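Predicted model, so just to flag it, every value in this text is computed and none were measured. Whatever order the structure lists them in is the order used to number ligands and atoms, beginning at 1.
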Amino acid sequence: MNKKYISLSLALVMSATMSGQNKNAPVNEDESKVQAFELPDLLTCTGGERVETAKQWEKKRRPELLKLFSQQEYGVTPRQTGIKVKHELVSSNPKAMNGLATEKQVRFTFTGKNKQTHQALLLLYIPNHAKGRVPVIVSYNFHGNQTTTFEEDVLFSPSRDLMKKAGSDNWVRGEQASRWSYELALQRGYAVATMNYHDICPDSPALMEHGIPSLLPNYNVESREANEWGAIGIWAWGYSRIADYLVKEKQIDKDCMVVLGHSRLGKTALWAGVQDKRFKVVISNDSGCGGAALSKRVFGENIARITGNFPHWFCPAFNAYSENEASMPFDQHELLALVAPRHVYVASAEDDSWADPKGEYLSAYYAGPAYQLYDMQGLPSATQPAVHQPQHYDVGYHIRSGKHDVTAYDWQCYLDFCDKVFQTKSDR
Ligand code: GTR
């Protein structure tokens, strides 16, 4: 190898590392190799002041942490996007799921200040047997509404044409149905609302301009300011737009809205739930790095890898912590704590070491002191429970056997937890 080539590759590696885009950074999945680390104290303000009361938390520490996560990780959600949203009922089927539910499909048309428009499709199931208003679980899907069920009349999400790779079996009707326990949720009196996340913002830097970013004047993911939002921020914003619609649905109990997400969408659910207090239960399913898992354990996926593989997810400032988690002035337990006094639930899967199940648990555990300020109960022990031993306090946690996925077991645990939170009325 000649000298010129060596120095060129060195320069490339250095610039990639400096901008946080090191796809090849080493990964540790061996617990014995986790280095000692120090977590920032949840209840100590940046200036050293100690938080003793819920009032101090709300006035000082919570806003301070929210700002850190906005400016350093997910990017700042604009106060005003200038985007207007119109809802149109495209179809309504009162006898869906063998009569169990009413199915509604609602087209969202977003119009930007630049007069550009963009569309997304919501699928909503409401249980027929329920009297009165019902709680609702809001959750994005990966490959289109039509993949979440075999019901024939579910329309293909508009993003299919843009995102489906030729020859792939993804996006086929029912393909992800095992991840959606609609019948269980409906029988237990819950409505479920889903939308394809690509409908809000395609999950690829090159395609983002086909989503909400096309309505944002001057937004360019490649040349963003350090603190400008990325895809996770935009998806989280989309969750709030779904909530805007649901609070106007007559049969939905607007005080019982749950946001649930898996993996990258678990990271999104957390960020949405932190910012939008209308979500009373916030559920992260296997969300891992940049979601529930503690970054400072540097176990499984790490910041260098995630920012290298998905440069559009976070804000550019997050890249500074690539291969440098020890320098972070915050960690993910503080994100979970921002949900208090509402409820946060973290779930892990035993074979999902990429998402660091132990780091997910510890993060939920270390969010506890924020709940104690409200006389609520976090997770009682720093020791992770065994598989299939759900912990349902004011913070929830379970780990199940198996791989990175969403299963009927996960849904059952979430419904049990939500029942407890909402103290289900007997008529549901
Ligand atoms: C992986 C990524 C994870 C997780 C996952 C998913 O490739 O490394 O952070 O988000 O994708 O969303 O399925």
Evaluate the criterion salt bridge (charged side-chain N to carboxylate O under 4.0 Å, His left out) for residue pair Arg278 and Asp244; output intermediate values, then yes/no. CA-CA 9 Å; Arg278 293 174 297 178; Asp244 294 344; 2.8 Å; yes

Please test Arg61 against Glu64 for salt bridge (charged side-chain N to carboxylate O under 4.0 Å, His left out), starting from the C-alpha separation and ending with a verdict. CA-CA 5 Å; Arg61 183 63 172 153; Glu64 180 178 286; 2.6 Å; yes

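Donor-acceptor pairing under 3.5 Å is lacking for the side chains of Ser214 and Glu209. In the model, Thr407 has no side-chain atom that pairs as donor or acceptor with a side-chain atom of Asp405 under 3.5 Å.
Protein residues with a heavy atom closer than 4.0 Å to ligand 1 are Ser263, Arg264, Lys267, Glu301, Ile306, Phe310, Trp313, Trp354, His404, listed by chain and number.
The pair Arg188-Asp419 meets the salt-bridge criterion, since a charged nitrogen lies less than 4.0 angstrom from a carboxylate oxygen.
Within the structure, side chain to side chain donor-acceptor pair (under 3.5 Å) pairs that include any residue of residues 259-268 comprise Asp203-Arg264, His262-Asn285, Ser263-His404 (at least two apart or interchain).
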